[in-house]
Number of protein chains: 2
Amino acid sequence: MSNGSGDGAAVQSVDRALTILKLLARDGELGVSELAASLGVHRSTAFRLVATLESHDLVEQDSDRGRYRLGVGVVRLAGATSARLDLVRESRAVTPALARAVGETVNVAVLADREALYVDQVAGPSALQLHHWVGRRIPLHATSNGKVLLAHAPAALCEEVIAAGLPVLAVRTVTDPGRLRAELAEVRLRGYATAVDELEDGLSAVAAPVLGADGSVIASLSASGPTFRMPETAIAAVAEQIMATAREVSARMGWFGSEA
Amino acid sequence: MSNGSGDGAAVQSVDRALTILKLLARDGELGVSELAASLGVHRSTAFRLVATLESHDLVEQDSDRGRYRLGVGVVRLAGATSARLDLVRESRAVTPALARAVGETVNVAVLADREALYVDQVAGPSALQLHHWVGRRIPLHATSNGKVLLAHAPAALCEEVIAAGLPVLAVRTVTDPGRLRAELAEVRLRGYATAVDELEDGLSAVAAPVLGADGSVIASLSASGPTFRMPETAIAAVAEQIMATAREVSARMGWFGSEA
DNA sequence: CGTAGAGTTGTGCCATGAGCAACGGCTCGG
DNA sequence: CCGAGCCGTTGCTCATGGCACAACTCTACG
């Protein structure tokens, strides 16, 4: 093999393993010898490929020496991708308009472990913009999105985050537990969160919660830009726009108007 | 590498590719360099692994040189596995009792391309039983399950199957198009199908349709055994039992009683 | 414009993937 | 019951396919 430059099957053994997944999707259940015959490889090769898939829960066996079928890991992967696809697709219907209206970069974030995971971003019209954050994990205490997610998370999670420490990231990072708790209470009351020079010097953001069909907070929607473009006096007006858009996204996600 | 005998990661490159899927499930979107860093491999290695995943639609890119996320192939795999898991799980609630009651092997089959795909099997109590058929594809015209599926399939499919030829498989295989059409009409009228010495000499079967929530035929349920144990005189009684169980499975699959 | 970083491609080397052989378990037929 | 055949699994060796390096292209930023 000379590293196949065009056919897409760049790594042969990976290609074979993925072909096993397709065969099982097609046929439901197959034994090692059947897989080996379909792939045109030796039984021991098929066995090792399927064992690797099994170690990742992508296939499973009925019994110790039985036939293989697709496993729960496949459903898990799909769950991860379709829920997030839904959120990104629905929010994308309205976030470009918000980005234009407030003139800043709009982000959507979800709670993942004890961090804010950025799942979508739409740039505002300015030349001075945020770097691409999708796929990045950001500390909860230092961002507006993080504060929204934390304010609506179980109290136990909030205490875990505080117990793990609130590291300094910028000149105004909130590092005092009491102050963070007070801010989170205000977020819940007011309906939005702010972060000014807390993640990065010169970076400000405002965020509001996105609700799901059952009224629980499933994501956070923010607008962020340079602090000099988002002065104290402008925050409330921006917050109103963000909250309105967050309500629209919530409705698109199935929320019917009565907050949990 | 000496083919790692215990750690489950039998094939390293496959393990790495599957780890990429997990990373994307976790983080939503990642670039080649980020994947390479997470895996601890060179960028070119990560690129080739992700290219292989992409060739199988398991990951996709926004743009030509953009970041990767999980692709529609993942949802397809999950669709294949969860729909079939549902059918097998729901039918399994009642098929063992049927196998005991009629004393024969019970099978569940679905229509897949132009064949009957066997997705579950429960052995009857007799020593003389069928071999394991799960995962096997069987010609539609020669089995009771195939006839049920064909009788309720679009007419175009029926004609395609006939046009492709009806090969002889046993002494009584139906090979005449007119006779097959007449049998299928009778299946639709009577509510069950039979196959006697048509797939294999000495093998008989009776099958009835399983309906889904929308009243369409989603599977076929059969009992099969040696012809000497299922004489002409016993077929109607067995058919009643099979139809009753098929109605139960249908209800479990969400059918509410009014056939489409 | 130049630089840095990211994505992509070509090449050669060696470590890993593949195939062979052997073993143990299970099923079926005599 | 025994033997044969088949299947799943494991150990070993070797050669080839996977990997890293280097180079190229493209894009974004100062």
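In what follows, every chain begins at residue 1, and chains take the letters A, B, ... in the order their sequences are listed.
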Can a side chain N or O of [X] be found less than 4.0 Å away from OP1 or OP2 on [N]?
{"X": "B:R43", "N": "D:dC21", "answer": "no"}
{"X": "B:S13", "N": "C:dG17", "answer": "yes"}
{"X": "B:S33", "N": "C:dG5", "answer": "no"}
{"X": "B:T45", "N": "D:dG18", "answer": "no"}

Rounded off to whole Å, could you give me the [atom1]-to-[atom2] distance for the [X] and [N] pair?
{"X": "A:D15", "N": "C:dG17", "atom1": "CG", "atom2": "C1'", "result": "14 Å"}
{"X": "A:Q61", "N": "D:dG8", "atom1": "CD", "atom2": "C1'", "result": "9 Å"}
{"X": "B:Q12", "N": "D:dG17", "atom1": "CD", "atom2": "P", "result": "17 Å"}
{"X": "A:R67", "N": "D:dC7", "atom1": "CZ", "atom2": "P", "result": "11 Å"}
{"X": "B:I20", "N": "D:dG18", "atom1": "CD1", "atom2": "C1'", "result": "13 Å"}
{"X": "B:R16", "N": "D:dG17", "atom1": "CZ", "atom2": "P", "result": "18 Å"}
{"X": "B:E34", "N": "C:dT8", "atom1": "CD", "atom2": "C1'", "result": "17 Å"}
{"X": "A:L35", "N": "D:dT9", "atom1": "CG", "atom2": "P", "result": "11 Å"}

Could you state the interatomic distance from CG (A:L77) to NE2 (A:H56), rounded to the nearest 0.5 Å?
10.5 Å
How long is the gap from CZ on A:R92 to CG on A:D120, to the nearest 0.5 Å?
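So the CZ of A:R92 and the CG of A:D120 are separated by 4.0 Å.
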Answer yes if the side chains of A:S222 and A:S144 hold a donor-acceptor pair under 3.5 Å, and no otherwise.
no
Are A:T52 and B:D15 linked by a side-chain donor-acceptor pair shorter than 3.5 Å?
no
Is the shortest distance from a Lys or Arg side-chain nitrogen in A:R172 or A:E198 to a carboxylate oxygen in the other one below 4.0 Å?
no
State, to the nearest 10°, the angle formed by the axis through the first five base pairs of the helix from C:dC1-D:dG30 to C:dG30-D:dC1 and the axis through its last five.
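Computed angle between terminal axes is 40°.
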By nearest heavy atom, map A:H42 and B:F47 onto DNA chain C; which one lands nearer the 5' end?
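The residue mapped nearer the 5' terminus is B:F47.
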Under-3.5 Å donor-acceptor pair between A:R48 side chain and D:dG11 base:
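It does, because a donor-acceptor pair links the side chain of A:R48 to the base of D:dG11 below 3.5 Å.
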Do B:S44 and D:dA20 share a donor-acceptor pair, side chain to base, under 3.5 Å?
yes
Please tell me which of the listed nucleotides, D:dT10, C:dG17, D:dC19, lies nearest to the side chain of B:L49?
D:dC19
For B:T143, the side chain to side chain donor-acceptor pair (under 3.5 Å) test, sequence neighbours excluded, returns none
Identify, with sequence neighbours excluded, every residue that meets side chain to side chain donor-acceptor pair (under 3.5 Å) alongside A:S44.
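For A:S44, the residues satisfying side chain to side chain donor-acceptor pair (under 3.5 Å) (neighbours in sequence not counted) are A:H42.
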Between A:V32 and B:V41, name the one whose nearest nucleotide on DNA chain D is closer to the 5' end.
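Closest to the 5' end, via its nearest nucleotide, is A:V32.
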